[in-house]
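A short write-up of the structure that comes next.
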Amino acid sequence: QVQLVESGGRLVQPGGSLRLSCAASGIMINFYNIYWYRQAPGNQRELVAYITGGGSTTYIDSVKGRFTISRDNVNNTVYPQMNSLKPEDTAVYYCNVPAYSAWGQGTQVTVSS
């Protein structure tokens, strides 16, 4: 059974940084594409970034240059590093493994002064 646990979300001021985590069990993350989504209140869930099994990364335009996604194969964890945060980044962030339709419970990121 694939399980994903996100953590690291909190209140941060605009311009600040956060590193989220997605700890996976039941799979070896280096063999799968790991996606990160976010959902703001009243909005649909949107894809933010993903890292492939081969280690390639892709980002949506609004986070390019600010977010970086990496993984630690030993700890089986994926880490989105989010810098220069903006109020519009406020959302619940989720990780996802499409191959298993697996989702984590989400972690709340709030960017506000």
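What you see is a predicted model, and the numbers here were worked out from it, not measured in a lab.
- Within a 6.0 Å radius of OH in Y50, other residues, nucleotides and ligands contribute 12 heavy atoms or fewer.
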Open item on the list: Go through it in stages, so that I can follow the logic: the residues are E6 and Y93, the test is side chain to side chain contact (heavy atoms under 4.5 Å, CB included), and I'd like the CA-CA distance, side-chain angles, deciding distance and then a yes or no.
Closed with: CA-CA 8 Å; E6 300 99 334; Y93 284 73; over 6 Å; no

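- The line from CD1 of I69 to OH of Y35 is 10.5 Å long, rounded to the nearest 0.5 Å.
- With hydrophobic clusters built from ILVMFWY side chains whose heavy atoms lie under 4.5 angstrom apart, V2 does not share a cluster with W103.
- Note on Y94 and Y32: separate hydrophobic clusters, where clusters join Ile, Leu, Val, Met, Phe, Trp and Tyr whose side-chain heavy atoms are under 4.5 Å apart, directly or indirectly.
- Under the 4.5 Å side-chain heavy-atom criterion for grouping Ile, Leu, Val, Met, Phe, Trp and Tyr, V109 is connected to I60 within one hydrophobic cluster.
- A91 and A40 get closest at one heavy-atom pair: CB-N, 3.8 Å.
- Using a distance-only test at 3.5 Å, with no hydrogens or angles considered, no donor-acceptor pair links the side chain of N30 to the main chain of G53.
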Open item on the list: Set out, in order, the CA-CA distance, both residues' side-chain angles and the distance that settles side chain to side chain contact (heavy atoms under 4.5 Å, CB included) for Q108 and T90, then state yes or no.
Closed with: CA-CA 8 Å; Q108 175 71 50; T90 295; 4.0 Å; yes

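- Hydrophobic clustering keeps V92 apart from L20 (ILVMFWY residues linked when any side-chain heavy atoms are closer than 4.5 Å, directly or through intermediates).
- Residues N83 and S17 have side chains that bring a donor and an acceptor to within less than 3.5 angstrom of each other.
- Under the rule for a salt bridge (Lys or Arg N to Asp or Glu O under 4.0 Å), the partners of K64 that lie at least two apart in sequence or sit in another chain are D61.
- Contact annotation: the side chain of I34 never approaches that of R71 to less than 4.5 Å [non-hydrogen atoms, C-beta and beyond].
- E88 CD: more than 12 foreign heavy atoms inside a 6.0 Å radius.
- Within the 4.5 Å cutoff, the side chain of L85 has heavy atoms near those of the F67 side chain.
- Proximity of a side-chain donor or acceptor of N96 to a complementary backbone N or O of A102 within less than 3.5 Å is detected.
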Task: Residues M82, W36; criterion side chain to side chain contact (heavy atoms under 4.5 Å, CB included); working and verdict - done: CA-CA 12 Å; M82 307 189 297; W36 274 90; over 6 Å; no

Task: Stepwise side chain to side chain contact (heavy atoms under 4.5 Å, CB included) test for R38 and D89 - done: CA-CA 9 Å; R38 65 186 179 188; D89 295 318; 2.9 Å; yes

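- Separation of atoms OH (Y59) and CD1 (I51) is listed at 7.0 Å; rounding is to 0.5 Å.
- By the side-chain contact (heavy atoms from CB on, under 4.5 Å) test, T77 pairs with S21, A23, N75, Y79, sequence neighbours left out.
- At a threshold of 4.5 Å between non-hydrogen side-chain atoms, the residues L11 and S112 count as touching.
- Taking CD1 of I27 as the reference point, atom CG of L4 lies at 6.0 Å (rounded to 0.5 Å).
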